[in-house]
2 protein chains.
Amino acid sequence: MSTSERLIDATRELLWERGYVGTSPKAILERADAGQGSMYHHFKGKPDLALAAIRRTAEELLATAEGVLDGPGTPYERIEAYLRRERDVLRGCPVGRLTMDPDIIASDELRAPVDETLDRIRERIAAIVEEGKEQGQFAPSLDGEEIAAAVLATVQGGYVLARASGSADAFDAGVRGLLSLLAPDRPA
Amino acid sequence: MSTSERLIDATRELLWERGYVGTSPKAILERADAGQGSMYHHFKGKPDLALAAIRRTAEELLATAEGVLDGPGTPYERIEAYLRRERDVLRGCPVGRLTMDPDIIASDELRAPVDETLDRIRERIAAIVEEGKEQGQFAPSLDGEEIAAAVLATVQGGYVLARASGSADAFDAGVRGLLSLLAPDRPA
DNA sequence: GTCTATATTCGGATAGAC
DNA sequence: GTCTATCCGAATATAGAC
(Lines give C-alpha, C1' and ligand atoms only; values in the text may rest on other atoms or scores of the structure.)
Protein backbone atom coordinates (compact mmCIF):
# COMPACT_ATOMS: atom_id res chain seq x y z
CA MET A 1 0.00 0.00 0.00
CA SER A 2 1.26 3.48 -0.81
CA THR A 3 2.40 5.82 1.92
CA SER A 4 -0.46 8.15 1.16
CA GLU A 5 -2.97 5.32 1.54
CA ARG A 6 -1.39 4.25 4.81
CA LEU A 7 -1.65 7.81 6.09
CA ILE A 8 -5.33 7.97 5.21
CA ASP A 9 -6.05 4.61 6.81
CA ALA A 10 -4.21 5.50 10.00
CA THR A 11 -6.10 8.78 10.17
CA ARG A 12 -9.43 7.02 9.67
CA GLU A 13 -8.70 4.69 12.56
CA LEU A 14 -7.62 7.46 14.88
CA LEU A 15 -10.54 9.72 14.01
CA TRP A 16 -12.84 6.86 14.91
CA GLU A 17 -11.06 6.08 18.17
CA ARG A 18 -10.14 9.54 19.40
CA GLY A 19 -11.90 12.11 17.23
CA TYR A 20 -10.29 15.03 15.46
CA VAL A 21 -9.09 17.06 18.42
CA GLY A 22 -7.77 13.90 20.05
CA THR A 23 -5.73 12.89 17.02
CA SER A 24 -2.21 14.27 16.62
CA PRO A 25 -0.10 14.19 13.48
CA LYS A 26 2.52 12.36 15.49
CA ALA A 27 0.10 9.56 16.35
CA ILE A 28 -0.90 9.30 12.69
CA LEU A 29 2.71 9.05 11.56
CA GLU A 30 3.47 6.36 14.10
CA ARG A 31 0.48 4.28 13.11
CA ALA A 32 1.16 4.70 9.40
CA ASP A 33 4.85 4.06 9.92
CA ALA A 34 5.66 7.19 7.93
CA GLY A 35 7.86 10.22 8.48
CA GLN A 36 6.78 13.82 8.82
CA GLY A 37 8.15 14.69 5.42
CA SER A 38 5.81 12.20 3.75
CA MET A 39 2.78 13.59 5.42
CA TYR A 40 3.48 17.19 4.49
CA HIS A 41 4.41 16.15 0.99
CA HIS A 42 1.10 14.35 0.33
CA PHE A 43 -1.19 16.61 2.35
CA LYS A 44 -1.33 20.25 3.22
CA GLY A 45 -1.64 19.51 6.92
CA LYS A 46 -3.85 17.86 9.49
CA PRO A 47 -7.17 19.26 8.23
CA ASP A 48 -6.39 18.25 4.65
CA LEU A 49 -5.49 14.70 5.65
CA ALA A 50 -8.52 14.47 7.90
CA LEU A 51 -10.76 15.56 5.04
CA ALA A 52 -9.45 12.76 2.83
CA ALA A 53 -9.95 10.27 5.66
CA ILE A 54 -13.47 11.46 6.47
CA ARG A 55 -14.53 11.33 2.83
CA ARG A 56 -13.32 7.76 2.55
CA THR A 57 -15.09 6.68 5.74
CA ALA A 58 -18.29 8.46 4.74
CA GLU A 59 -18.34 6.79 1.33
CA GLU A 60 -17.91 3.37 2.86
CA LEU A 61 -20.59 3.89 5.46
CA LEU A 62 -23.06 5.13 2.87
CA ALA A 63 -22.35 2.13 0.65
CA THR A 64 -22.86 -0.27 3.54
CA ALA A 65 -26.11 1.37 4.61
CA GLU A 66 -27.49 1.49 1.08
CA GLY A 67 -26.49 -2.11 0.55
CA VAL A 68 -28.71 -3.16 3.45
CA LEU A 69 -31.56 -0.75 2.76
CA ASP A 70 -31.73 -1.77 -0.92
CA GLY A 71 -31.69 -5.46 -0.06
CA PRO A 72 -34.58 -7.89 -0.36
CA GLY A 73 -37.72 -7.84 1.74
CA THR A 74 -40.66 -5.65 2.59
CA PRO A 75 -40.12 -2.04 3.61
CA TYR A 76 -40.38 -2.99 7.28
CA GLU A 77 -37.93 -5.82 6.82
CA ARG A 78 -35.40 -3.59 5.12
CA ILE A 79 -35.58 -1.03 7.91
CA GLU A 80 -35.27 -3.84 10.42
CA ALA A 81 -32.24 -5.16 8.56
CA TYR A 82 -30.67 -1.71 8.72
CA LEU A 83 -31.34 -1.37 12.44
CA ARG A 84 -30.12 -4.84 13.24
CA ARG A 85 -27.10 -4.99 10.98
CA GLU A 86 -23.86 -6.00 12.58
CA ARG A 87 -22.12 -3.05 14.20
CA ASP A 88 -19.14 -2.48 16.40
CA VAL A 89 -21.48 -0.80 18.84
CA LEU A 90 -18.98 0.13 21.52
CA ARG A 91 -16.72 1.83 19.00
CA GLY A 92 -19.50 4.20 18.04
CA CYS A 93 -20.38 5.45 14.57
CA PRO A 94 -17.25 6.52 12.68
CA VAL A 95 -19.23 9.28 11.01
CA GLY A 96 -21.71 10.31 13.71
CA ARG A 97 -19.04 10.68 16.39
CA LEU A 98 -17.44 13.45 14.37
CA THR A 99 -20.41 15.70 15.12
CA MET A 100 -19.19 15.98 18.71
CA ASP A 101 -15.87 17.36 17.54
CA PRO A 102 -15.79 21.15 17.82
CA ASP A 103 -13.18 21.59 15.09
CA ILE A 104 -15.20 19.47 12.65
CA ILE A 105 -18.38 21.41 13.32
CA ALA A 106 -16.50 24.69 13.01
CA SER A 107 -15.33 23.79 9.50
CA ASP A 108 -17.92 23.62 6.73
CA GLU A 109 -15.51 21.59 4.66
CA LEU A 110 -14.97 18.91 7.28
CA ARG A 111 -18.61 18.82 8.32
CA ALA A 112 -19.94 18.51 4.76
CA PRO A 113 -19.24 14.79 4.19
CA VAL A 114 -20.73 13.97 7.59
CA ASP A 115 -23.88 15.93 6.86
CA GLU A 116 -24.23 14.54 3.37
CA THR A 117 -23.83 10.93 4.44
CA LEU A 118 -26.42 11.06 7.20
CA ASP A 119 -28.74 13.00 4.94
CA ARG A 120 -28.59 10.47 2.14
CA ILE A 121 -29.28 7.58 4.47
CA ARG A 122 -32.21 9.49 5.88
CA GLU A 123 -33.60 10.14 2.41
CA ARG A 124 -33.27 6.48 1.53
CA ILE A 125 -35.14 5.40 4.67
CA ALA A 126 -37.80 8.04 4.09
CA ALA A 127 -38.43 6.68 0.61
CA ILE A 128 -38.75 3.16 1.99
CA VAL A 129 -41.30 4.34 4.55
CA GLU A 130 -43.32 6.02 1.80
CA GLU A 131 -43.13 2.80 -0.15
CA GLY A 132 -44.46 0.94 2.88
CA LYS A 133 -47.32 3.37 3.18
CA GLU A 134 -48.32 2.78 -0.43
CA GLN A 135 -48.27 -0.94 0.17
CA GLY A 136 -50.42 -0.54 3.24
CA GLN A 137 -47.68 -1.82 5.55
CA PHE A 138 -47.39 1.47 7.40
CA ALA A 139 -50.15 3.81 8.54
CA PRO A 140 -50.83 6.63 6.05
CA SER A 141 -50.54 9.08 8.93
CA LEU A 142 -46.80 8.41 9.28
CA ASP A 143 -44.42 10.91 7.76
CA GLY A 144 -41.54 9.29 5.90
CA GLU A 145 -39.03 12.03 6.73
CA GLU A 146 -39.94 11.98 10.41
CA ILE A 147 -39.80 8.22 10.75
CA ALA A 148 -36.48 8.20 8.93
CA ALA A 149 -35.12 10.79 11.35
CA ALA A 150 -36.34 8.71 14.29
CA VAL A 151 -34.71 5.58 12.87
CA LEU A 152 -31.37 7.29 12.31
CA ALA A 153 -31.53 9.01 15.68
CA THR A 154 -32.23 5.71 17.42
CA VAL A 155 -29.07 4.29 15.89
CA GLN A 156 -26.91 7.30 16.67
CA GLY A 157 -28.33 7.62 20.16
CA GLY A 158 -27.99 3.89 20.70
CA TYR A 159 -24.25 4.27 20.32
CA VAL A 160 -24.27 6.94 23.01
CA LEU A 161 -26.21 4.80 25.48
CA ALA A 162 -24.05 1.78 24.77
CA ARG A 163 -20.80 3.66 25.29
CA ALA A 164 -22.12 5.24 28.49
CA SER A 165 -22.94 1.87 29.98
CA GLY A 166 -20.01 0.02 28.48
CA SER A 167 -22.32 -2.56 26.94
CA ALA A 168 -24.12 -3.02 23.64
CA ASP A 169 -27.33 -3.95 25.45
CA ALA A 170 -28.74 -0.44 25.50
CA PHE A 171 -28.27 -0.11 21.74
CA ASP A 172 -30.16 -3.34 21.14
CA ALA A 173 -32.92 -2.38 23.55
CA GLY A 174 -33.51 0.91 21.75
CA VAL A 175 -33.65 -0.84 18.40
CA ARG A 176 -36.13 -3.41 19.70
CA GLY A 177 -38.22 -0.61 21.21
CA LEU A 178 -38.40 1.29 17.95
CA LEU A 179 -39.14 -1.84 15.94
CA SER A 180 -41.95 -2.78 18.32
CA LEU A 181 -43.52 0.61 17.63
CA LEU A 182 -42.99 0.37 13.90
CA ALA A 183 -44.10 -3.26 13.45
CA PRO A 184 -46.95 -3.57 10.92
CA ASP A 185 -48.74 -6.16 13.05
CA ARG A 186 -48.37 -4.16 16.20
CA PRO A 187 -51.40 -4.65 18.44
CA ALA A 188 -53.26 -1.41 18.98
CA MET B 1 -18.34 33.21 43.59
CA SER B 2 -15.36 31.34 44.99
CA THR B 3 -12.38 30.52 42.84
CA SER B 4 -13.11 26.84 43.16
CA GLU B 5 -16.67 27.38 41.94
CA ARG B 6 -15.45 29.46 39.03
CA LEU B 7 -13.04 26.71 38.07
CA ILE B 8 -15.82 24.14 38.10
CA ASP B 9 -18.13 26.34 36.06
CA ALA B 10 -15.47 27.11 33.48
CA THR B 11 -14.69 23.42 33.19
CA ARG B 12 -18.37 22.55 32.74
CA GLU B 13 -18.67 25.03 29.89
CA LEU B 14 -15.54 23.83 28.17
CA LEU B 15 -16.42 20.16 28.54
CA TRP B 16 -19.74 20.92 26.88
CA GLU B 17 -18.18 22.91 24.06
CA ARG B 18 -14.98 20.99 23.41
CA GLY B 19 -15.10 17.73 25.33
CA TYR B 20 -12.45 16.41 27.68
CA VAL B 21 -9.57 15.89 25.28
CA GLY B 22 -10.29 19.28 23.72
CA THR B 23 -10.17 21.11 27.04
CA SER B 24 -6.81 22.27 28.38
CA PRO B 25 -6.04 23.47 31.89
CA LYS B 26 -4.85 26.71 30.35
CA ALA B 27 -8.23 27.32 28.71
CA ILE B 28 -9.97 26.58 32.00
CA LEU B 29 -7.77 29.02 33.89
CA GLU B 30 -8.36 31.76 31.35
CA ARG B 31 -12.12 31.33 31.43
CA ALA B 32 -12.23 31.14 35.22
CA ASP B 33 -9.85 34.06 35.51
CA ALA B 34 -7.71 32.07 37.92
CA GLY B 35 -4.03 31.25 38.19
CA GLN B 36 -2.41 27.87 37.92
CA GLY B 37 -1.63 27.83 41.61
CA SER B 38 -5.33 28.06 42.47
CA MET B 39 -6.24 25.17 40.29
CA TYR B 40 -3.63 22.83 41.68
CA HIS B 41 -4.45 23.94 45.18
CA HIS B 42 -8.17 23.10 44.90
CA PHE B 43 -7.90 20.06 42.64
CA LYS B 44 -5.43 17.29 42.11
CA GLY B 45 -5.28 17.93 38.36
CA LYS B 46 -7.34 17.95 35.22
CA PRO B 47 -9.15 14.63 35.81
CA ASP B 48 -10.09 15.61 39.36
CA LEU B 49 -11.47 18.97 38.26
CA ALA B 50 -13.30 17.36 35.37
CA LEU B 51 -14.89 14.84 37.70
CA ALA B 52 -16.27 17.62 39.89
CA ALA B 53 -17.58 19.41 36.79
CA ILE B 54 -19.17 16.30 35.30
CA ARG B 55 -20.87 15.41 38.58
CA ARG B 56 -22.38 18.86 38.79
CA THR B 57 -23.62 18.79 35.21
CA ALA B 58 -25.01 15.29 35.59
CA GLU B 59 -26.94 16.22 38.74
CA GLU B 60 -28.48 19.23 37.06
CA LEU B 61 -29.48 17.31 33.96
CA LEU B 62 -31.06 14.55 36.02
CA ALA B 63 -33.01 17.09 38.07
CA THR B 64 -34.27 18.82 34.93
CA ALA B 65 -35.32 15.56 33.29
CA GLU B 66 -37.05 14.26 36.38
CA GLY B 67 -38.79 17.59 36.81
CA VAL B 68 -40.39 17.21 33.40
CA LEU B 69 -41.06 13.47 33.62
CA ASP B 70 -42.69 13.79 37.03
CA GLY B 71 -44.86 16.69 35.89
CA PRO B 72 -48.61 16.62 35.31
CA GLY B 73 -50.36 14.73 32.54
CA THR B 74 -50.87 11.24 31.23
CA PRO B 75 -47.89 8.95 30.69
CA TYR B 76 -47.86 9.82 26.99
CA GLU B 77 -48.02 13.52 27.76
CA ARG B 78 -45.13 13.32 30.20
CA ILE B 79 -42.96 11.51 27.68
CA GLU B 80 -43.96 14.05 25.08
CA ALA B 81 -43.06 16.86 27.46
CA TYR B 82 -39.64 15.28 27.97
CA LEU B 83 -39.04 14.92 24.25
CA ARG B 84 -40.24 18.42 23.45
CA ARG B 85 -38.67 20.29 26.32
CA GLU B 86 -36.58 23.28 25.43
CA ARG B 87 -33.05 22.34 24.55
CA ASP B 88 -30.01 24.02 23.16
CA VAL B 89 -30.06 21.44 20.39
CA LEU B 90 -27.00 22.59 18.45
CA ARG B 91 -24.85 22.55 21.57
CA GLY B 92 -25.57 18.88 22.07
CA CYS B 93 -26.20 17.06 25.33
CA PRO B 94 -23.68 18.11 27.99
CA VAL B 95 -23.71 14.59 29.40
CA GLY B 96 -24.22 12.44 26.30
CA ARG B 97 -21.40 14.11 24.35
CA LEU B 98 -18.92 12.89 26.92
CA THR B 99 -19.44 9.33 25.70
CA MET B 100 -17.53 10.22 22.52
CA ASP B 101 -14.52 11.23 24.56
CA PRO B 102 -11.94 8.43 24.63
CA ASP B 103 -10.39 9.55 27.92
CA ILE B 104 -13.80 9.63 29.64
CA ILE B 105 -14.69 6.15 28.41
CA ALA B 106 -11.28 4.88 29.46
CA SER B 107 -11.83 6.02 33.04
CA ASP B 108 -14.46 4.24 35.11
CA GLU B 109 -14.52 7.15 37.51
CA LEU B 110 -15.25 9.77 34.85
CA ARG B 111 -17.71 7.55 32.98
CA ALA B 112 -19.71 6.62 36.10
CA PRO B 113 -21.73 9.84 36.47
CA VAL B 114 -22.55 9.78 32.76
CA ASP B 115 -23.74 6.19 32.91
CA GLU B 116 -25.71 6.71 36.09
CA THR B 117 -27.51 9.80 34.83
CA LEU B 118 -28.65 8.26 31.56
CA ASP B 119 -29.60 5.09 33.37
CA ARG B 120 -31.80 6.85 35.90
CA ILE B 121 -33.62 8.80 33.22
CA ARG B 122 -34.17 5.58 31.35
CA GLU B 123 -35.56 3.88 34.44
CA ARG B 124 -37.90 6.78 35.05
CA ILE B 125 -39.22 6.66 31.48
CA ALA B 126 -39.57 2.88 31.65
CA ALA B 127 -41.72 3.21 34.76
CA ILE B 128 -43.91 5.78 33.03
CA VAL B 129 -44.40 3.46 30.07
CA GLU B 130 -45.42 0.64 32.41
CA GLU B 131 -47.83 3.03 34.05
CA GLY B 132 -49.28 3.83 30.64
CA LYS B 133 -49.70 0.16 29.88
CA GLU B 134 -51.65 -0.35 33.11
CA GLN B 135 -53.89 2.55 32.21
CA GLY B 136 -54.47 1.12 28.77
CA GLN B 137 -52.79 4.06 27.06
CA PHE B 138 -50.00 1.91 25.63
CA ALA B 139 -50.23 -1.54 24.09
CA PRO B 140 -49.45 -4.34 26.57
CA SER B 141 -46.99 -5.75 24.08
CA LEU B 142 -44.66 -2.79 24.55
CA ASP B 143 -41.65 -3.26 26.80
CA GLY B 144 -41.04 -0.35 29.15
CA GLU B 145 -37.28 -0.70 29.16
CA GLU B 146 -37.10 -0.94 25.40
CA ILE B 147 -39.36 2.03 24.76
CA ALA B 148 -37.38 4.03 27.29
CA ALA B 149 -34.16 3.18 25.49
CA ALA B 150 -35.72 4.21 22.19
CA VAL B 151 -36.88 7.52 23.66
CA LEU B 152 -33.49 8.34 25.13
CA ALA B 153 -31.71 7.24 21.97
CA THR B 154 -33.96 9.43 19.85
CA VAL B 155 -32.94 12.41 21.94
CA GLN B 156 -29.23 11.60 21.95
CA GLY B 157 -29.24 10.75 18.25
CA GLY B 158 -31.29 13.83 17.48
CA TYR B 159 -28.43 15.93 18.77
CA VAL B 160 -26.08 14.13 16.39
CA LEU B 161 -28.30 14.71 13.36
CA ALA B 162 -28.86 18.33 14.29
CA ARG B 163 -25.17 19.07 14.69
CA ALA B 164 -24.35 17.29 11.44
CA SER B 165 -26.79 19.45 9.50
CA GLY B 166 -26.20 22.62 11.48
CA SER B 167 -29.92 22.93 12.19
CA ALA B 168 -32.30 21.83 14.94
CA ASP B 169 -34.80 20.61 12.35
CA ALA B 170 -33.53 17.03 12.27
CA PHE B 171 -33.86 16.77 16.05
CA ASP B 172 -37.46 17.94 15.91
CA ALA B 173 -38.27 15.62 13.01
CA GLY B 174 -36.99 12.60 14.92
CA VAL B 175 -39.00 13.55 17.98
CA ARG B 176 -42.16 14.00 15.92
CA GLY B 177 -41.52 10.67 14.22
CA LEU B 178 -41.16 8.81 17.50
CA LEU B 179 -44.20 10.52 19.01
CA SER B 180 -46.30 9.62 15.96
CA LEU B 181 -45.41 5.98 16.57
CA LEU B 182 -46.04 6.18 20.28
CA ALA B 183 -49.29 8.17 20.15
CA PRO B 184 -52.12 6.32 21.88
CA ASP B 185 -54.62 7.32 19.21
CA ARG B 186 -52.32 6.34 16.40
CA PRO B 187 -54.31 4.93 13.47
CA ALA B 188 -53.38 1.32 12.80
C1' DG C 1 9.21 11.38 -2.10
C1' DT C 2 11.34 10.92 2.15
C1' DC C 3 14.51 12.31 5.79
C1' DT C 4 16.33 15.13 9.66
C1' DA C 5 16.62 19.49 11.91
C1' DT C 6 14.52 23.22 13.79
C1' DA C 7 10.82 26.50 15.58
C1' DT C 8 6.86 27.81 18.22
C1' DT C 9 3.22 27.20 21.01
C1' DC C 10 0.46 24.29 24.04
C1' DG C 11 -0.52 20.62 27.60
C1' DG C 12 -0.04 19.19 32.05
C1' DA C 13 2.25 19.61 36.02
C1' DT C 14 5.79 20.86 40.08
C1' DA C 15 8.38 24.19 43.19
C1' DG C 16 8.69 27.59 46.03
C1' DA C 17 7.90 32.60 47.06
C1' DC C 18 4.38 35.66 48.98
C1' DG D 1 -4.82 30.53 48.73
C1' DT D 2 -2.68 32.61 45.06
C1' DC D 3 1.32 33.95 42.32
C1' DT D 4 5.37 33.40 39.30
C1' DA D 5 8.94 30.55 37.59
C1' DT D 6 10.18 26.56 35.53
C1' DC D 7 10.00 21.83 33.39
C1' DC D 8 9.40 18.47 29.76
C1' DG D 9 7.20 16.53 26.18
C1' DA D 10 3.58 16.94 22.52
C1' DA D 11 1.20 19.50 18.70
C1' DT D 12 1.71 21.50 14.35
C1' DA D 13 4.30 22.98 11.27
C1' DT D 14 8.61 24.86 8.01
C1' DA D 15 13.36 24.33 5.88
C1' DG D 16 16.41 22.22 3.46
C1' DA D 17 19.35 18.04 2.67
C1' DC D 18 19.26 13.57 0.26
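Residue numbers begin at 1 in each chain, while the letters A, B, ... track the order of the sequences.
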Q: Using modelled atom types and a 3.5 Å cut-off, is there a donor and acceptor pairing between side-chain atoms of Lys46(A) and backbone atoms of Pro25(A)?
A: no
Q: Relative to each other, are the rings of Tyr159(B) and Phe171(B) parallel, tilted or perpendicular (30° and 60° limits)?
A: tilted
Q: Would you tell me if any nitrogen or oxygen in the side chain of His42(B) comes within less than 4.0 Å of OP1 or OP2 on dT2(D)?
A: yes
Q: I need the single residue from Val160(A), Leu61(A), Thr57(A) that forms a side chain to side chain contact (heavy atoms under 4.5 Å, CB included) with Cys93(A). Which is it?
A: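 Exactly one pass, corresponding to Leu61(A).
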Q: Could you check whether Arg87(B) makes a cation-pi contact with Tyr82(B), meaning its NZ or CZ is under 6.0 Å from the centre of the six-membered ring and within 45° of the ring axis?
A: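 Here Arg87(B) passes the 6.0 Å and 45° test against Tyr82(B).
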Q: Between Thr3(B) and dG1(D), is there a side-chain N or O to OP1/OP2 distance below 4.0 Å?
A: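 So the side chain of Thr3(B) is outside the cut-off, no N or O lying under 4.0 Å from OP1 or OP2 of dG1(D).
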Q: So is Arg91(A) actually on top of Trp16(A)'s ring, under 6.0 Å and inside 45° of the axis?
A: yes
Q: Just the rounded figure in Å: distance from C1' of dA15(D) to NE2 of His41(A).
A: 16 Å
Q: Report the C-alpha separation of Arg124(A) and Arg78(A) in whole Å, then their side-chain angles, then the decisive distance to 0.1 Å, and conclude whether the side chain to side chain contact (heavy atoms under 4.5 Å, CB included) test is met.
A: CA-CA 11 Å; Arg124(A) 195 70 205 84; Arg78(A) 282 184 280 155; 4.3 Å; yes
Q: Do the charged groups of Asp103(A) and Arg18(B) touch, with an N to O distance under 4.0 Å?
A: yes
Q: Separation of Phe43(A) atom CZ from dG1(C) atom P, in whole Å?
A: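 From Phe43(A) CZ to dG1(C) P: 13 Å.
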Q: Going by number, which of residues 4-18 of chain A have a non-hydrogen atom under 4.0 Å from DNA chain C?
A: none
Q: When you check the gap from the basic side-chain N to the acidic O, do Lys133(B) and Glu130(B) get nearer than 4.0 Å?
A: yes
Q: Tell me the interatomic distance from Leu49(A), atom CG, to dA11(D), atom P, rounded to whole angstroms.
A: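 It is 15 Å, rounded to the nearest whole Å.
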Q: Summarise protein proximity over nucleotides 11-18 of chain C in one line of letters, 5' to 3': B for base, S for sugar-phosphate only, - for none, counting protein heavy atoms closer than 4.0 Å.
A: SSBB----
